[in-house]
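Only one structure is covered here, and it is reproduced in the block below.
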Amino acid sequence: MGIQLDLSQVLEDLENTSTLDELGDVAVRLRDRLQIEHIIYHWVDGAGDQYGYTTYPDRWAERYREKNYHRIDPVILGCFQRFHPVDWKTLDWSRKVAKNFYKDALEHGVGNQGYSIPIRGPNGQFALFTVNHSCDDDTWKSFMETHGRELILIAHFFNRKALEFESDRQPDATRGQSPREVDAMTLLALGYNRAQVAHSLSISEHALRVYIESARAKLGAQNTTHAIATALSRGLIVV
Amino acid sequence: MLRYLFADELHKFPKLADGMFRDRADQFKTRLGWDVYVNENGEERDQYDDLNPLYVIWEEEDGSHGGSMRVLPTTGRVMVNEVFGHLTGGEPINSPVIWEVTRFCLSRTASPHTAGAIMLSGGEIMEGFGLTHIAGVFDARMIRIYRLIGSSPNVLGSEGKGRDQISVGLWPYSAEDCYRVAERAGIPRELSRLWFKTAFGTGRQHRFSLSA
């Protein structure tokens with residue numbers, strides 16, 4: 001394991017992907033190129049819907065669901081609400097339930113080494129990208145030293161692609177409005193002119209233009225009127 | 001010592017957390033006169049504190065807050081894009097290898113080395129998590145402080161004049177800068193790494209190859 005990885009090839013593969021199934025194919029090819037046992041990609045969107053792809057054996061995936069292991073899995077507990085990459089060794093496996101879980105995982109074909117990369121996307125979207133393998137600590141350390149940074153980038157490329165699928169269903173709603181943008185749009189919706197809005201927010205008209213333009217772009221609107229209508233209809237501003 | 005704490009871990013260090021939010025109010029509202037919200041407990045908190053950010057806090061010998069900063073990944077919601085987006089040159093900063101630092105704060109009684117110690121944590125974070133840059137928002141008076149500390153940012157854009165000038169800048173990762181900052185702060189690099197490891201575990205600090 002740990003061969004030279006062509007990052008641009010992975011990127012190209014992802015570029016040519018248009019469905020979640022194809023994303024799974026890319027994960028398998030990546031796993032094979034890295035010569036590791038498993039890749040798991042799991043994401044939760046802003047609405048709480050979950051998707052994922054795993055190369056773990058089906059019987060482990062079933063067992064995991066059946067046992068509600070997500071409630072005690074140290075990887076989930078250690079990565080949820082976090083945003084830094086985590087080597088499994090640094091997690092807390094000291095509790096008895098965690099030890100039993102680990103043993104059960106190994107018996108079902110999960111490798112003893114893992115590296116998980118939590119990702120924070122826009123609008124509360126969250127994803128976890130994990131690589132998993134069976135080997136000793138030194139081999140794993142050397143693998144991570146070579147590929148750690150690439151894996152962080154790849155994890156985010158995966159997520160960016162998954163977000164594209166998301167935005168197909170929910171156009172242009174991938175970036176949240178800033179508080180200033182919400183204020184500006186709300187005042188405009190109330191019938192204030194630009195000078196009045198700028199005055200109310202204690203900002204220059206130039207700065208106001210920037211906020212409006214940014215809000216318009218995020219909403220995918222043609223002009224300011226369209227942006228206000230869109231923001232109102234999505235409940236982003238209330239008047 | 002430097003502590004690395006996510007927001008959901010602050011309850012384990014109540015004195016440190018209370019001190020941080022009060023010192024933020026003191027610095028940003030009282031001393032700098034920024035338009036920030038201070039709650040009835042005298043704490044400055046904003047919506048980004050609700051996103052479970054990472055705080056780096058300098059803890060004084062007596063357990064009190066000496067200084068701190070707040071860290072968030074630019075792939076999620078961050079101030080550089082949402083509040084200061086017009087200063088970053090048109091494109092939002094959105095990268096898995098760039099994190100944002102905001103609310104860089106020092107208590108009134110902080111020693112001259114505290115600012116450097118906190119900056120050093122930025123270097124540890126970049127090294128430990130494979131980041132290429134840290135993005136930050138800062139006011140005019142910080143430019144001189146950064147120079148003294150030994151790590152100046154590349155400024156992307158500014159607005160305002162004189163003391164009221166606000167800028168967005170990027171600090172590229174540099175091993176040299178880390179050692180220089182550590183030396184000026186009077187903190188051995190081994191100690192600084194130890195604090196980082198204490199927070200994030202020994203196995204996690206892989207040294208990434210820079211070729212990727």
Side-chain angles (χ1 to χ4, degrees), chain A residues 4-5 7 78 80-92 113 115 117-127 137 140-157 159-160 163 175-181 202 204 206-207 209-211 213-214 217-218, chain B residues 4 6-9 35 37 46-48 50-54 71-88 90 92 94-100 125-132 159-160 173 196-212:
Chain A
Q4 195 75 34
L5 185 69
L7 205 57
F80 188 64
Q81 298 288 345
R82 298 283 188 271
F83 48 81
H84 61 281
V86 171
D87 191 294
W88 288 9
K89 272 194 284 298
T90 67
L91 295 164
D92 181 7
Q113 304 283 1
Y115 192 72
I117 300 158
I119 302 159
R120 262 186 206 190
N123 293 338
Q125 188 258 348
F126 173 80
D137 286 359
W140 185 245
K141 188 163 177 272
S142 125
F143 173 74
M144 288 316 308
E145 277 167 7
T146 316
H147 294 296
R149 191 193 294 264
E150 290 170 337
L151 287 169
I152 293 172
L153 293 171
I154 289 168
H156 284 269
F157 293 149
N159 196 53
R160 197 167 291 179
L163 280 169
R175 283 196 282 152
Q177 304 282 315
S178 80
R180 281 293 205 191
E181 288 162 11
S202 310
S204 68
H206 175 73
R209 261 207 304 282
V210 175
Y211 289 125
E213 174 50 31
S214 166
K218 286 182 194 170
Chain B
Y4 298 79
F6 282 91
D8 61 7
E9 299 171 304
D35 179 20
Y37 173 72
D46 69 11
Q47 49 170 323
Y48 298 94
D50 297 335
L51 302 175
N52 205 40
L54 173 68
V71 185
L72 281 165
T74 62
T75 52
R77 295 188 46 207
V78 281
M79 290 189 88
V80 286
N81 294 330
E82 294 186 341
V83 183
F84 301 100
H86 53 295
L87 297 180
T88 58
N94 185 293
S95 164
V97 286
I98 304 177
W99 288 1
E100 170 191 85
I125 287 173
M126 286 197 266
E127 196 171 285
F129 298 137
L131 308 182
T132 58
E159 70 177 355
Y173 170 73
F196 184 86
K197 284 181 182 177
T198 306
F200 298 109
T202 47
R204 188 177 298 156
Q205 208 180 10
H206 298 291
R207 298 298 196 77
F208 295 111
S209 73
L210 287 167
S211 59

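Within every chain, numbering begins at 1; the chains are lettered A, B, ... in the order of the sequence lines, protein sequences first and strands thereafter. A quick note: this is a predicted structure, and the numbers were derived from the prediction, not measured.
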* Asked: At their closest point, which heavy atom of B/F129 faces which heavy atom of A/P85, and how far apart are they?
  -> CD2-CD, 3.9 Å
* Structure fact -> One should read off an interatomic distance between B/I125 CD1 and A/H84 NE2, to the nearest 0.5 angstrom, of 10.5 Å
* Answer with side chain, backbone, both or neither: which region of B/E159 has an atom nearer than 4.5 Å to a non-hydrogen atom of chain A? => neither
* Asked: Taking every heavy-atom pair that is under 4.5 Å apart, which of A/R120, A/R180, A/E181 has the most such pairs with chain B?
  -> A/R120
* Do you know which of B/V97, B/L51, B/T74 has the most heavy-atom pairs under 4.5 Å to chain A? -> B/L51
* Which atom names give the shortest non-hydrogen contact between B/W99 and A/F83, and what distance separates them? -> CZ2-O, 3.4 Å
* **Portion of B/N52 that has a non-hydrogen atom of chain A nearer than 4.5 angstrom** => both
* To do: Could you have a look at A/R160, A/Q81, A/R82 and say which one has the most heavy-atom pairs with chain B under 4.5 angstrom?
  => A/R82
* Residue B/L72 versus chain A: region with a heavy atom under 4.5 Å -> both
* Heavy-atom distance under 4.5 Å to chain B: side chain of A/E213, backbone, both or neither? -> neither
* **residues 75-83 of chain B: residues contacting chain A (heavy atom under 4.5 Å, by number)** => B/T75, B/G76, B/E82, B/V83
* Residues forming a ring pair (Phe, Tyr, Trp, His ring centres under 6.0 Å) with B/Y4, sequence neighbours excluded -> B/F196, B/F200
* Structure fact -> If one checks every heavy atom of A/Y211 against chain B at 4.5 Å, the contacting part turns out to be side chain
